[in-house]
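These notes concern the structure reproduced below.
Numbers here simply count residues along the sequence, with the first being 1. Predicted model only: the values in this text are computed from it and were never measured. These numbers come from the heavy atoms of this one structure, side chains and all, not from hydrogens, waters or symmetry mates.
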Amino acid sequence: MIDFKEITKQSSLYNFHSHTQYCDGHANMRDFALAAIEQHFTHYGYSPHAPIPVDSPCNMATEDVDKYIAEFKALKEEFKDKIQLFFSMEIDFLGDLWGATDKYFDNLNLDYKISSVHFVPCDSIFIDTDGCFDKFKVKMGKYFKNDIRYVVEMFYHQTLTMIERGGFDIIGHFDKISQNANYFKPGIEDEHWYKMLIYDVLDVLRASNLTIEINTKSIAEHHRFFPNERYFKELKQFNLPVIFNSDAHWPHLINLGREQAMDIYNKI
């Protein structure tokens, strides 16, 4: 297993959450590697959205996994004297249907696993609650009868279950629902019941051995980190590894918001 705590002691120029042309990334893997080298990064991890057994335009197709692995190996060898590259996937948790403990991932020999919640169950199907708010708003009416409390509660129920099931190394953006939920109902994050859901997750994380991601992807456009900056103090008290990832989908954004988040966190 990668010692993320040791890496962060050595360097602040790392990013372990990024996407590729094999999922919803907007450039090829080589371009991401070149951008990381140009910006003097020491460690860079690819983590495309893993294949899942439901329809999703954002996730890697199963038939592309071998191509992804082959391209990674070639880039790792090519740039071995310039940067340490890592091979991962961001694995969606879909309850009993799919997750990081699925046998599918046993033989991939990933350097590490990120596990995240993007989908919320609705009857017998899973609905992607990530992405732009306009699409989220349509799904709220179509699938959830505009019951934002149900969606939020199920998101955090999925998150708690994912942590308890384990099988992964990094928990990705554990309050990602907050962005669309707050657009749907401004001020929802200040409501008591919502805060209690966050503290339930924090309690479980405190007892885990996970590396916790502070995700900076949305800071420029939506002015927020995941988790919300208001919970940085609690994270710092956990004595667990915390890493700052940009969740990059474009090469020029691999360092977006990371230095800002680190500065806030370190001053606590």
Side-chain angles (χ1 to χ4, degrees), residues 14-36 41 43-76 85-94 97-102 104-120 125-133 135-136 139 155 158 162 167-174 176-177 179-180 213 215-218 221-222 226 243 245-257:
Y14 62 82
N15 187 39
F16 290 101
H17 189 163
S18 69
H19 296 279
T20 75
Q21 77 271 27
Y22 294 111
C23 59
D24 59 350
H26 298 286
N28 62 53
M29 293 172 64
R30 183 182 178 82
D31 287 344
F32 283 100
L34 290 173
F41 273 56
H43 302 76
Y44 192 81
Y46 295 103
S47 57
H49 293 287
I52 53 175
V54 299
D55 290 336
S56 171
C58 295
N59 290 73
M60 186 189 309
T62 303
E63 56 267 28
D64 286 337
V65 171
D66 287 344
K67 289 184 283 187
Y68 165 54
I69 295 172
E71 185 168 356
F72 169 78
K73 289 179 177 179
L75 291 171
K76 184 177 177 68
L85 295 177
F86 298 89
F87 163 58
S88 178
M89 291 183 182
E90 182 180 14
I91 302 168
D92 281 287
F93 181 74
L94 302 177
L97 182 63
W98 195 251
T101 59
D102 196 278
Y104 174 80
F105 299 102
D106 290 348
N107 297 322
L108 294 181
N109 295 315
L110 299 170
D111 290 324
Y112 61 92
K113 298 177 189 176
I114 300 176
S115 194
S116 304
V117 173
H118 299 97
F119 293 80
V120 167
I125 61 175
F126 282 87
I127 305 300
D128 186 356
T129 58
D130 203 38
C132 73
F133 176 67
K135 292 182 179 179
F136 177 82
K139 292 173 185 177
F155 179 93
Q158 292 285 93
M162 177 181 75
F168 60 97
D169 306 293
I170 300 172
I171 182 166
H173 47 57
F174 71 76
K176 186 70 187 298
I177 193 66
Q179 181 171 298
N180 279 331
E213 170 187 84
N215 185 301
T216 64
K217 174 186 176 181
S218 287
E221 184 175 358
H222 301 283
F226 306 111
I243 56 176
N245 289 331
S246 70
D247 196 350
H249 288 64
W250 298 88
H252 69 283
L253 298 179
I254 63 172
N255 203 25
L256 174 69

Legend entry - Sub-4.5 Å side-chain heavy-atom contact between L256 and K217: no
Inset, instruction - For the residue pair L253 and D247, establish whether any side-chain heavy-atom pair is separated by less than 4.5 Å. - result: no
Inset, instruction - Please tell me if the side chains of D92 and N59 come closer than 4.5 Å, counting only heavy atoms from C-beta onward. - result: yes
Legend entry - Test log, rule side-chain hydrogen bond (donor to acceptor under 3.5 Å, both in side chains), inputs S18 and Y44: CA-CA 8 Å; S18 69; Y44 192 81; 3.2 Å; yes
Inset, instruction - Decide yes or no on side chain to side chain contact (heavy atoms under 4.5 Å, CB included) for I52 and L94, but give the supporting numbers first. - result: CA-CA 9 Å; I52 53 175; L94 302 177; 4.3 Å; yes
Inset, instruction - Output, in order, the C-alpha distance, side-chain angles, deciding distance and verdict of side chain to side chain contact (heavy atoms under 4.5 Å, CB included) for S218 and F226. - result: CA-CA 8 Å; S218 287; F226 306 111; 3.4 Å; yes
Inset, instruction - Working to the nearest 0.5 Å, report the span between NE2 of H17 and CD1 of I170. - result: 9.0 Å
Legend entry - Atom pair OG1 (T20) and CZ (R30), whose distance is rounded to the nearest 0.5 Å: 15.5 Å
Inset, instruction - Indicate whether any N or O donor in one side chain lies under 3.5 Å from an N or O acceptor in the other, for S246 and N15. - result: yes
Inset, instruction - Under the side chain to side chain contact (heavy atoms under 4.5 Å, CB included) rule, what do D169 and D111 come out as? Steps first, then yes or no, please. - result: CA-CA 10 Å; D169 306 293; D111 290 324; over 6 Å; no
Inset, instruction - Mind checking the OG-CD spacing from S115 to E90? Nearest 0.5 Å is all I need. - result: 8.5 Å
Legend entry - Flag side-chain contact, heavy atom, 4.5 Å: M29 against Y22: yes
Legend entry - E213-H173 side chain donor-acceptor pair, cut-off 3.5 Å: no
Inset, instruction - For this output row, return yes or no: ring centroids of F119 and W98 closer than 6.0 angstrom. - result: no
Legend entry - I114 versus S88, closest heavy-atom pair with distance: N-OG, 4.0 Å
Inset, instruction - Please check if the distance between the ring centroids of F16 and F86 is under 6.0 Å. - result: yes
Inset, instruction - Could you tell me the separation between the OH atom of Y46 and the CG atom of L110, rounded to the nearest 0.5 Å? - result: 15.0 Å
Inset, instruction - Output the distance between atom NE2 (H252) and atom CD1 (I254), rounded to the nearest 0.5 Å. - result: 11.0 Å
Inset, instruction - Assess the side chains of N28 and Q21: does a donor N or O sit below 3.5 Å from an acceptor N or O? - result: no
Inset, instruction - Answer with yes or no after comparing the ring centroid distance for Y112 and F87 against a 6.0 Å cut-off, counting only values under it. - result: no
Legend entry - Test item: I91 and S116 side chains (from C-beta on) under 4.5 Å apart, heavy atoms: no
Inset, instruction - Report the relative orientation of the aromatic rings in F72 and Y68; use parallel for angles under 30°, tilted for 30 to 60°, perpendicular for over 60°. - result: tilted
Inset, instruction - For the residue pair S47 and M89, establish whether any side-chain heavy-atom pair is separated by less than 4.5 Å. - result: no
Legend entry - Sub-6.0 Å ring centroid separation between H26 and H19: no
Inset, instruction - Check the pair I125 / I127 against side chain to side chain contact (heavy atoms under 4.5 Å, CB included), numbers first and verdict last. - result: CA-CA 7 Å; I125 61 175; I127 305 300; 3.6 Å; yes
Inset, instruction - Could you tell me the separation between the CD atom of E71 and the CG atom of D66, rounded to the nearest 0.5 Å? - result: 13.0 Å
Legend entry - K139 and D128, any side-chain heavy atoms less than 4.5 Å apart: yes
Legend entry - N107 atom CG, over 12 foreign heavy atoms within 6.0 Å: no
Legend entry - Smallest separation among heavy atoms of A27 and F32, with atom names: O-CE1, 3.4 Å
Inset, instruction - Specify the closest pair of heavy atoms between A35 and P251, including all atoms of both residues, with the distance to one decimal. - result: CB-O, 3.6 Å
Inset, instruction - Of all the heavy-atom pairs spanning F105 and A100, show the shortest one and how long it is. - result: CD1-O, 4.1 Å
Inset, instruction - Find out whether F174 and V117 are in side-chain contact, i.e. whether some heavy atom of one side chain is under 4.5 Å from a heavy atom of the other. - result: no
Inset, instruction - Examine the side chains of Q158 and H118 and answer whether a donor and an acceptor come within less than 3.5 Å of each other. - result: no
